[in-house]
Visitor: 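I'd like to ask some things about the structure below.
Counting from 1, the numbers follow the sequence of the chain as shown.
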Amino acid sequence: MHSAVLLIEFGSIILGLGLLGRFAGRFRLSPIPLYLLAGLAFGEGGLLPLGASEEFVATGAEIGVILLLLMLGLEYTASDLVSNLKTHYPSGLVDCALNALPGAAVALLLGWGPVAAVVLAGVTWISSSGVIAKVLGDLGRVGNRETPVILSVLVLEDLAMAVYLPIVTALVAGVGLLAGSVTLAIALGAAGLVLFLAVRYGRLISRFVSSDDPEKLLLVVLGLTILVAGVAQQLQVSAAVGAFLVGIALSGEVAEGAHTLLSPLRDLFAAVFFVFFGLHTDPSSIPPVLLPALGLAVVTALTKIATGYWAARRAGISVKGRWRAGGALVARGEFSIVIAGLAVSAGIEPSLGPLATAYVLILVVVGPLTARYTEPVAMWWSRRREHRDLPETTPRTTEAEAPVAD
């Protein structure tokens with residue numbers, strides 16, 4: 001009986017996602033906001049809570065994030081990654097300063113203390129690689145000139161999580177300096193090892209994975225990715241970082257073949273991830289913290305746009321590309337929820353969880369919209385200012401100056 005209910009619920013979710021995706025496609029919009037709203041409607045405190053399929057959806061959501069980051073990694077080689085990191089690390093520093101400080105400031109102003117300030121700083125700092133990857137694909141911008149800049153900022157953030165998450169875990173758990181240092185050293189060592197293997201032995205890894213049979217290629221790539229992601233997470237490194245580095249390690253025909261085979265799976269499980277996020281958000285917990293969350297969302301949306309614009313200008317991208325880069329970085333998502341969850345489970349601050357949830361929900365809905373409309377709105381505003389500032393070329397004729405008819 002339980003399995004029948006599971007199949008009915010999960011089948012209904014997949015069917016509903018397909019219909020929502022078709023509806024969004026008619027208006028050339030990203031379906032992500034609709035997926036999230038559907039999750040809210042059928043989650044805790046929603047219209048019709050689902051129960052039987054919750055665990056299955058949670059696993060699918062985790063696979064969705066892994067596949068999104070794997071597909072991002074397949075777009076670039078290991079040498080591209082190292083080059084981008086060397087070139088764009090100042091953008092990562094600007095990103096941290098502009099977007100982490102507002103979160104820390106709000107926590108301190110609310111009287112939550114320094115540990116909560118560190119946690120909320122991470123919530124507002126890290127963009128959602130999963131959401132942004134999906135949006136770039138939906139808008140057909142993966143090959144745009146500004147996309148490597150966007151990915152460089154995201155990669156710097158994801159790699160920073162390898163340092164940040166162990167620190168936050170130690171802070172919220174109240175462990176000693178020695179235990180926290182050991183956790184951090186393991187995380188850094190694991191991330192560095194995977195990156196070294198990707199850069200040094202990427203060709204050998206691609207040769208090992210390569211196969212003329214699509215079925216075998218799919219199984220090996222998918223299995224390797226999930227295995228590395230699981231090991232990375234076990235070592236306190238983000239599973240998303242591990243999946244991204246696997247994608248970086250694969251190159252040439254293997255990367256092209258894997259991209260083609262995995263695209264449908266990515267779209268399926270990514271949609272499940274966004275629904276899962278909505279399912280675990282209780283709508284009744286949002287109103288009490290909506291005002292501070294909205295204010296923080298507005299401020300950090302603007303700072304993310306400024307971050308992307310600055311990073312793209314530094315890379316020599318055109319003005320339109322700068323605005324597109326800024327708008328694409330606005331969305332927050334999976335990392336922000338993970339960070340807030342650490343504090344909530346440790347009982348750091350009861351209001352931090354609902355605030356982070358409302359904040360992420362606002363920006364994960366607004367993010368696809370800013371990615372699409374920031375550049376056209378900025379160009380419209382620029383043309384309007386130029387038109388307003390232009391001097392009059394033909395002087396107006398007054399009644400006193402008008403010629404008098406004979």
Side-chain angles (χ1 to χ4, degrees), residues 9-43 46-48 50 53-54 56-72 75 127-144 147 150 154 240 259-260 262-281 283 286 297 301 324 327-337 357-377:
E9 287 188 357
F10 193 67
S12 301
I13 291 172
I14 299 301
L15 176 60
L17 292 179
L19 296 176
L20 288 174
R22 184 181 296 179
F23 176 80
R26 285 189 177 182
F27 298 95
R28 301 186 64 186
L29 296 173
S30 171
I32 292 173
L34 298 181
Y35 294 161
L36 287 165
L37 293 176
L40 277 177
F42 297 101
L47 300 175
L48 184 62
L50 302 177
S53 59
E54 182 178 347
F56 192 82
V57 171
T59 303
E62 195 164 357
I63 294 173
V65 175
I66 289 171
L67 289 178
L68 282 168
L69 271 295
L70 170 66
M71 300 295 278
L72 268 183
E75 297 292 336
S127 297
S128 171
S129 300
V131 174
I132 294 169
K134 183 70 168 63
V135 169
L136 292 176
D138 290 341
L139 297 178
R141 295 183 183 174
V142 174
N144 283 18
T147 300
I150 297 170
L154 294 177
H259 193 284
T260 302
L262 289 168
S263 291
L265 282 177
R266 174 201 59 188
D267 294 338
L268 169 62
F269 285 107
V272 172
F273 161 70
F274 298 120
V275 170
F276 175 75
F277 182 80
L279 288 174
H280 283 259
T281 302
I286 294 178
R324 287 195 297 267
L329 287 170
V330 168
R332 308 312 200 270
E334 59 275 8
F335 270 135
S336 298
I337 294 300
T357 299
Y359 169 81
V360 171
L361 184 62
I362 292 169
L363 288 185
V364 84
V365 172
V366 170
L369 301 178
T370 59
R372 180 179 176 87
Y373 295 112
T374 297
E375 180 254 323
V377 169

Visitor: Check whether any side-chain heavy atom of Leu268 lies under 4.5 Å from a side-chain heavy atom of Leu17, and answer yes or no.
Guide: no
Visitor: Could I get the full list of side-chain contact (heavy atoms from CB on, under 4.5 Å) partners for Ser263, not counting sequence neighbours?
Guide: Met71, His259, Arg266
Visitor: Keeping Arg141 on the side-chain end and Ala371 on the backbone end, is there a donor-acceptor pair under 3.5 Å?
Guide: yes
Visitor: For residues Ala38 and Leu20, report the shortest heavy-atom separation together with the two atoms involved.
Guide: CB-CD1, 3.8 Å
Visitor: For the residue pair Ser336 and Val360, what are the closest heavy atoms and their distance?
Guide: CB-CG2, 3.5 Å
Visitor: Quick one: closest heavy-atom pair of Leu34 and Phe23, and the distance?
Guide: CD1-CD2, 3.8 Å
Visitor: Taking all non-hydrogen atoms of both residues, which atom of Leu363 and which atom of Ala301 are closest, and how far apart?
Guide: CD2-CB, 4.2 Å
Visitor: What is the distance from atom OG1 of Thr59 to atom CD1 of Ile63, rounded to the nearest 0.5 Å?
Guide: 6.5 Å
Visitor: Using the side chain to side chain contact (heavy atoms under 4.5 Å, CB included) rule, take Leu154 and Leu329 through it: C-alpha gap first, then chi angles, then the decisive distance, then the call.
Guide: CA-CA 8 Å; Leu154 294 177; Leu329 287 170; 4.0 Å; yes
Visitor: Not counting sequence neighbours, which residues clear side chain to side chain donor-acceptor pair (under 3.5 Å) with Tyr359? List them please.
Guide: Thr300, Arg332
Visitor: Answer yes or no: is there a side-chain heavy-atom contact under 4.5 Å between Ser127 and Ile150?
Guide: no
Visitor: Mind listing the closest non-hydrogen atom pair of Leu136 and Ala328 along with its distance?
Guide: CD2-CB, 4.4 Å
Visitor: Can you name the side-chain contact (heavy atoms from CB on, under 4.5 Å) partners of Leu265, sequence neighbours left out?
Guide: Leu67, Leu218, Leu222, Leu262, Phe269
Visitor: I need the single residue from Thr370, Asn144, Leu139, Thr147 that forms a side-chain contact (heavy atoms from CB on, under 4.5 Å) with Arg324. Which is it?
Guide: Asn144
Visitor: Mark yes when over 12 heavy atoms from residues, nucleotides or ligands other than Glu375 sit less than 6.0 Å from its CD; otherwise mark no.
Guide: yes
